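Read through the structure below, which is laid out as structure tokens, and then see the notes.
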Amino acid sequence: MSTISIRKYAPKKYLAENGALAGLLLLALVIAIMQPAFLNAQNLLNVGVQAAVIAIMAFGMTFVVVAGGIDLSVGSIAALAAMVGALTAGPIGLVVGALCGLVNGALISYGKLPPFIATLAMLSVARGLTLVLSEGQPHETDALVTFLGSNLAPMVPLPLLLMLAFFGITGLILTRTNLGRRMYAIGGNEEAAKLSGIDVRKQKLWIYALSGLFAAAAGLVLAGRLGSAGPQAAAGYELDAIAAVVIGGASLSGGVGRATGTLVGALVLAVLRNGLNLLQVPPFWQQVVIGVVIALAALLDSLRRR
Amino acid sequence: MKTLITARGITKHFGATKALDGVDLEIFAGEVHVLLGENGAGKSTLVKVLAGIHGHDAGTIEGHASLAVIHQELALVPELSVAENLFLNRLPRRFGFVDRAEMRRRAPELLDRVGLDVDPDAKVKDLGIAQQQMIEIARALDKNAGVLILDEPTAVLTETETDRLLQIMAQLRQNGVGLVFITHHLDEIQRIADRITVLRDGRSVGVLGPKATTRHMIELMVGRPIDEQYPRAQQRPGQPLLSIEGLTKRGVFEDITIEVHAGEVVGIAGLVGAGRTEVARAAFGVDGYDRGTVKVDGKPLRRNDVQAAIKAGLGLVPEDRKGQGLVLTATVGQNLELVTLHDRDRKRLHDIAGKLRIKGRVEQPVKELSGGNQQKVVIGKWLLADPKVLILDEPTRGVDVGAKVEIYELINRMTAQGRAVLLVSSDLPEVIGMSDRVVVMAHGRVAGELPRGATQDQVMALAVQEISA
């Protein structure tokens, strides 16, 4: 009995878990063949650094998406946190990001707003506050924040390590904490979660707060790399974060998603951008290619689920 | 007698599993042909092969009539009107636009054939489930279906609605329509069936006539002799574990008082809409109420607080398994641990899965399980929490006979350990057979209480009575 069932499920499971990874490797292979400079160690590190900001943001987004929601405000929160960090101190930026997330959560849980609307409002508010605080000017970051974007040692970029650290934390939260298990329950069937004694509203507060916190961290890393926080920083990054989560195999209807998938998704986007640059594809066409890849990834996923 | 469909030696594989294995089936004009079998026996697959949704690997199908299937999940558009749904896909048109006048003219005639009196302009979402079903049947008839397949249509209907459906089926039979009827309710079969094909493990194990006994049907279905359909083992009741006192929610239920003692099973019977589920949900803290108290083991519960209810030792298996009971995207194990997340213990999880005889692995997605096994998972997550009182709302709806008896055994085991069970059920033989006392509700009030051994007539008499406020 058990041998039959293993044979029946194993290949499907293997594909489902590694589809995005297989795609990433294939993509890297194609680019490497067309432009061997891609495999240069320094270039690969660059890809990692470029992936870091979106990846950290996307890890936060994974919590929200697994719980059946969406967070459109992460780009703006990242910018606001970085700006607050530049004007005061980095840790205060983190607190502001988490607070923005809490407000999202409260609007969704207690105000019963759809996540799309609540976070769309926050997208505008947080961006507006960033503009107000900055008076439209970029501001230099302090030493601590600049350190986040620097190299720990030659060939050891801190953003890359931070990405891996957030990856580990995300995996731990999703698989080893009650909050994580509840995210899957809420996203899979909110009513069943409620009837099983899960305080859905309280959980959502934490989930959106986490997303805000992760977005703030991503914003600080971005500012650190650039050495300054800009009023228009990270604009549109929320869409890249959502794309990374979806490429990673999460379902926007909730209940499905993993940290490894999101990491792979963010790497796919970074490899693609890097590869297209190396191949000297004009930036306007890069947009088109990235859109096609997102559609293909989602299409493959939907085929696999059938 | 005219044969409408002849299927011979139908065989169908899904991967390595043989879903159908050489099934023969003949449908005559003017007969009600029941397909009977446990979940997973192959009824739905057979229907889908007949309807051409699935192909078949071996065998032949000869059809001399068009065929329509009324699936359990209705295929209606809720936001469109009754008339628009009736003519969906072939709306009458005039000058290229929908001809509403023509639609309104033709709709009543169709609705008449199924005895449905609704406004053709009403939106389908505003109708009851029984009325929606009738609309589907009317639509099928308009397409001149010679064979009508009804896949568990009565699972969602009340007693009176079921009566009405059976009447209409009898009428269609007289008009020469061949009806294939899938149901788990054996009493319905005895009322209307002309022939019964029993399926087990993908094989046809017998064709019975209309006089077949319930016992004979069940034994053919499960493939072994059975001792008893309702194996209730009574305990001597102990102290009250659940006390609902004067519970009132304006316009929904009024002054409900029910007490369940340790070791006791108390049933709540009544028509759909009598307020049974609403009382269960309010007691569990899902919905609020205006007056009254709910006590578990003497401790009053805060209203509208599910967490407090669970902490006090209350559990609820909700009526809608897929909509409210399960996280379908998750595995069996993840569903089992839902209530007891705080003290995850893999060993107990495997224990309970084994004890419940859940057919499926703990790591398997729960949506791959049959209805009966899914329900066992929902019950299992509560057993892990070890509640003092478990409220079961329609625990055997859509569950096959074998799994039903296993669920009854679980109820017995709980009460033997001094726990209490409140059993809400629309299945009269079940609620009478498994309860030590039956509380009958009507129009949001307690209409009366009957001791063990009450008859269905006694329950119905209370359930339909008009209560003067």
Side-chain angles (χ1 to χ4, degrees), chain A residues 1-14 16-17 65-69 110 172-203 206 249-258 261 301 304-306, chain B residues 14-17 280-281 284-287 304-331 333-344 359-368 374 377-378 381-382 384-385 387 391 393:
Chain A
M1 170 80 197
S2 62
T3 49
I4 290 170
S5 46
I6 284 167
R7 231 185 295 152
K8 191 173 159 196
Y9 295 106
K12 211 171 141 192
K13 207 173 159 193
Y14 180 83
E17 283 176 3
V65 168
V66 164
Y110 298 96
L172 273 181
I173 290 177
L174 281 175
T175 59
R176 294 271 179 273
T177 66
N178 284 340
L179 178 60
R181 305 318 298 166
R182 287 176 182 142
M183 290 173 191
Y184 287 98
I186 292 169
N189 187 344
E190 189 165 331
E191 183 70 13
K194 201 171 108 185
L195 290 179
S196 299
I198 293 174
D199 190 342
V200 173
R201 291 188 296 186
K202 203 166 88 191
Q203 303 302 316
W206 295 127
S251 160
L252 283 184
S253 45
V256 182
R258 284 152 37 105
D301 194 53
R304 209 165 49 220
R305 274 174 219 282
R306 248 169 247 169
Chain B
F14 289 112
T17 352
R281 284 173 61 94
F284 187 58
V286 188
D287 303 327
N304 228 329
D305 188 342
V306 176
Q307 284 89 39
I310 292 174
K311 208 174 275 174
L314 200 54
L316 169 73
V317 173
E319 59 172 342
D320 178 1
R321 182 165 57 239
K322 286 184 179 168
Q324 304 170 327
L326 292 170
V327 179
L328 283 173
T329 47
T331 64
Q334 286 162 348
N335 272 285
L336 282 172
E337 69 183 10
L338 220 49
V339 181
T340 44
L341 265 180
H342 41 91
D343 56 4
R344 251 177 304 147
K359 291 193 192 102
R361 294 165 307 120
V362 168
E363 303 80 16
Q364 192 173 346
V366 79
K367 65 173 168 230
E368 293 178 359
Q374 288 183 342
V377 172
V378 180
K381 82 176 172 189
W382 285 108
L384 273 173
I391 305 174
D393 195 356

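All chains are named by letter (A, B, ...) in the order of the sequence lines, taking the proteins before the strands, and each is independently numbered beginning at 1. All figures in this text were calculated on a predicted structure; none of them were measured in a lab.
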| message | So for Lys322(B), is it side chain, backbone, both, or neither that comes closer than 4.5 Å to the heavy atoms of chain A? | response |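 Only the backbone of Lys322(B) comes within 4.5 Å of chain A.
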Tell me, side chain or backbone of Ile310(B) under 4.5 Å from chain A's heavy atoms, or both, or neither?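 Only the side chain of Ile310(B) comes within 4.5 Å of chain A.
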Against chain A, work out which of Lys381(B), Gln307(B), Lys311(B) has the most heavy-atom pairs shorter than 4.5 Å and name it.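 Heavy-atom pair counts peak at Gln307(B).
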Quick check: closest heavy atoms across [X] and [Y], and the distance to 0.1 Å?
X	Y	result
Asn189(A)	Gln324(B)	ND2-N, 4.0 Å
Leu338(B)	Ala192(A)	CD2-O, 4.5 Å
Tyr184(A)	Val327(B)	O-CG1, 3.9 Å

Option passing side-chain contact (heavy atoms from CB on, under 4.5 Å) with Ser196(A) (candidates Thr340(B), Val339(B), Leu326(B)) =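 When side-chain contact (heavy atoms from CB on, under 4.5 Å) is applied between Ser196(A) and each of Thr340(B), Val339(B), Leu326(B), only Val339(B) qualifies.
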Identify which of Gly187(A), Ser253(A), Ala185(A), Gly254(A) forms the greatest number of heavy-atom pairs closer than 4.5 Å to chain B.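 Counting heavy-atom pairs under 4.5 Å, the top option is Ala185(A).
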- prompt: Which distance, rounded to the nearest 0.5 Å, do you find between the CG of Asp305(B) and the CG of Asp199(A)?
  reply: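 CG of Asp199(A) is found 8.5 Å from CG of Asp305(B).
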